[in-house]
S.K.: 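Dropping the structure in here first, questions after.
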Amino acid sequence: MIRLDQLTKVYGHGANAVTVLDKLDFAVDSGEIFAVVGPSGAGKSTLAQCINLLERPTSGSVVVNGEDLSSLPEKRLREARRRIGTVFQSASLFSRRTAAGNIAMPLEYLGVEPREIKARVGELLERVGLAHRANHYPFQLSGGQRQRVGIARALALRPSVLLSDEATSGLDPDTTRSVVSLLRELRDDLDLAVVFITHEMDTVLQVADSVARLEHGRIIESGRVVDLLTDH
Ligand code: ADP
Ligand code: ADP
């Protein structure tokens, strides 16, 4: 599971200091999809970067499976990052590598043996329903298929947390539905804690178990999606 504890991010100093994230607290259990929804400028990208350890919080912490990752020394961060897989907006695939090649990249980077890479890539392709597209290049895939490759790549190092950073933004409603149903399937099959960051409330209602609304760097409301639905 992943927990944020009073997570705060301030850019700049003194009179120029801007508090972009202000004491955020939330916890996401394994097997749960937790959405963070908010308008442009709310702090979503900054939050994503703090969760995947590309940015360090100014104070507070990001705790994964009981360990505070935000205070680890630089040299241990690389290893810690493996526990969090990130899916980006528009998948961000390498255009010169095939679907299989993109999924293999994190494994190649770690120096995993070729035979093991092939086995794991095969498994991941199956899991996201793309075994028949293994050797296609990104331009030969649909938007939804590219996003499935992005999800498989995020899972390559067997993380316990999956971070989705605007992963369905820009997809049409049918494609969004199919990506959402894949995420829900993965949540169940792999017991993942999923943090789903988006500006689209409609998608939150489809995908999430719980949700927090972020505005001006603060959580202004949070709870179970079902409760939110019955309130409104
Ligand atoms: P969102 O992803 O929700 O649009 P961001 O995290 O990109 O929000 O930005 C939140 C606020 O933080 C914005 O007001 C933005 O201008 C500010 N901000 C983001 N990054 C920096 C930075 N490196 N330095 C100063 N301000 C920043
Ligand atoms: P690229 O042309 O993108 O570099 P490669 O053919 O070199 O792709 O494959 C990259 C990795 O993916 C290799 O480790 C390879 O074993 C694996 N791979 C390729 N095709 C498949 C497949 N159909 N099933 C499983 N793994 C595959």
Side-chain angles (χ1 to χ4, degrees), residues 4 7-24 26 35-58 60 62 86-141 145-146 148-150 152-157 163-170 195-201 203-204 211-220:
L4 302 195
L7 185 88
T8 298
K9 182 71 187 178
V10 179
Y11 285 112
H13 295 280
N16 297 320
V18 185
T19 303
V20 175
L21 299 175
D22 194 5
K23 299 187 181 137
L24 303 191
F26 62 73
V36 179
V37 64
S40 172
K44 300 184 300 298
S45 316
T46 308
L47 173 62
Q49 286 168 356
C50 288
I51 291 176
N52 66 24
L53 312 175
L54 293 174
E55 280 279 5
R56 285 211 194 247
T58 308
V62 176
T86 305
V87 193
F88 301 94
Q89 180 163 17
S90 325
S92 304
L93 302 182
F94 284 81
S95 57
R96 294 186 189 177
R97 301 215 59 187
T98 59
N102 271 280
I103 298 168
M105 286 177 79
L107 300 160
E108 292 170 356
Y109 188 65
L110 264 194
V112 174
E113 259 193 77
R115 193 184 305 183
E116 169 77 12
I117 293 182
K118 192 165 182 186
R120 275 217 233 166
V121 169
E123 237 170 69
L124 287 159
L125 283 163
E126 287 281 346
R127 196 169 272 293
V128 300
L130 285 181
H132 62 307
R133 292 285 182 270
N135 304 112
H136 286 57
Y137 287 90
F139 79 90
Q140 298 169 311
L141 301 171
Q145 289 172 338
R146 284 198 288 272
R148 284 164 183 267
V149 175
R153 181 181 58 188
L155 295 174
L157 301 181
L163 170 66
S164 163
D165 184 9
E166 300 280 5
T168 55
S169 303
V195 183
F196 188 90
I197 298 180
T198 184
H199 66 280
E200 300 171 330
M201 196 60 188
T203 314
V204 170
V211 57
R213 287 177 53 204
L214 188 70
E215 276 186 25
H216 305 297
R218 293 205 177 126
I219 292 176
I220 56 163

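We number each residue from 1, following the sequence as shown. Both ligands and their constituent atoms are indexed starting at 1 by order of listing.
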S.K.: Taking all heavy atoms of L107 and all of A156, pick out the closest pair and write down the distance.
M.R.: CD2-O, 3.6 Å

S.K.: Numbering the atoms of ligand 2 from 1, which are under 4.0 Å from a heavy atom of G122?
M.R.: 25 (C)

S.K.: Give the residue and atom name of whichever protein heavy atom lies nearest to atom 22 (C) of ligand 2, and the separation in Å to one decimal.
M.R.: A134 CB, 3.9 Å

S.K.: I'd like the name of whichever of Q49, K44, E55, K9 reaches closest to atom 3 (O) of ligand 1 through any heavy atom.
M.R.: K44

S.K.: Atom 24 (N) of ligand 1: which protein heavy atom is closest, and how many Å away?
M.R.: Y11 CG, 3.4 Å

S.K.: Identify the protein heavy atom lying closest to atom 11 (C) of ligand 2, giving its residue, its atom name and the separation to 0.1 Å.
M.R.: A104 CB, 3.6 Å

S.K.: Which one of E113, R97, R96 has a non-hydrogen atom at the shortest distance from atom 7 (O) of ligand 2?
M.R.: R97

S.K.: For atom 2 (O) of ligand 1, grab the closest protein heavy atom and report residue, atom and distance to one decimal in Å.
M.R.: S45 OG, 2.6 Å

S.K.: Quick check for you: to the nearest 0.5 Å, what is the distance between R115 atom CZ and R120 atom CZ?
M.R.: 15.0 Å

S.K.: What pair of heavy atoms forms the shortest contact from N102 to P106, and how long is it?
M.R.: O-CD, 3.8 Å

S.K.: Check each atom of ligand 1 against the heavy atoms of P39 and keep those under 4.0 Å away; list them by number with element.
M.R.: 3 (O)

S.K.: Quick one: CG on L54 to OG1 on T46, what's the gap to the nearest 0.5 Å?
M.R.: 11.5 Å

S.K.: With heavy atoms of A100 as the reference, note each atom of ligand 2 found under 4.0 Å away.
M.R.: 12 (O), 18 (N), 19 (C), 20 (N), 21 (C), 27 (C)

S.K.: Name the option, out of K118, H132, E123, that contains the heavy atom nearest to atom 16 (O) of ligand 2.
M.R.: K118

S.K.: Check the pair V62 / L4 against side chain to side chain contact (heavy atoms under 4.5 Å, CB included), numbers first and verdict last.
M.R.: CA-CA 5 Å; V62 176; L4 302 195; 3.9 Å; yes

S.K.: Side chain to side chain contact (heavy atoms under 4.5 Å, CB included) between L7 and L47: does it pass, once the steps are laid out?
M.R.: CA-CA 9 Å; L7 185 88; L47 173 62; 3.9 Å; yes

S.K.: How many angstroms lie between CZ in F88 and CZ in R153, if you round to the nearest 0.5 Å?
M.R.: 7.0 Å

S.K.: What residue and heavy atom of the protein are closest to atom 6 (O) of ligand 2, and at what distance?
M.R.: N135 ND2, 4.5 Å

S.K.: Under 4.0 Å from a heavy atom of I117: which atoms of ligand 2 are those, numbered in the order shown and with their elements?
M.R.: 14 (O)

S.K.: Under 4.0 angstrom from ligand 1, any heavy atom of S40?
M.R.: yes

S.K.: Identify the protein heavy atom lying closest to atom 8 (O) of ligand 2, giving its residue, its atom name and the separation to 0.1 Å.
M.R.: T98 OG1, 3.3 Å

S.K.: Check each heavy atom of V20 against ligand 1 and say whether those closer than 4.0 Å belong to the side chain, the backbone, both or neither.
M.R.: side chain

S.K.: Drop me the distance from I197's CD1 to I51's CD1, to the nearest 0.5 angstrom.
M.R.: 4.5 Å

S.K.: Taking the minimum heavy-atom distance to atom 26 (N) of ligand 2, which of V121, L107, N102 ranks first?
M.R.: V121

S.K.: Give me the atom names and distance for the closest heavy-atom approach of T198 to K44.
M.R.: O-CD, 3.4 Å

S.K.: As an exercise, state the distance from CD of Q140 to CZ of R133, rounded to the nearest 0.5 Å.
M.R.: 9.0 Å

S.K.: Of all the non-hydrogen atoms in the protein, which one sits nearest to atom 4 (O) of ligand 1, and at what distance?
M.R.: G41 N, 2.6 Å

S.K.: Verify, without hydrogens or angle tests, whether R146 (side chain) and L141 (backbone) share a donor-acceptor contact under 3.5 angstrom.
M.R.: yes

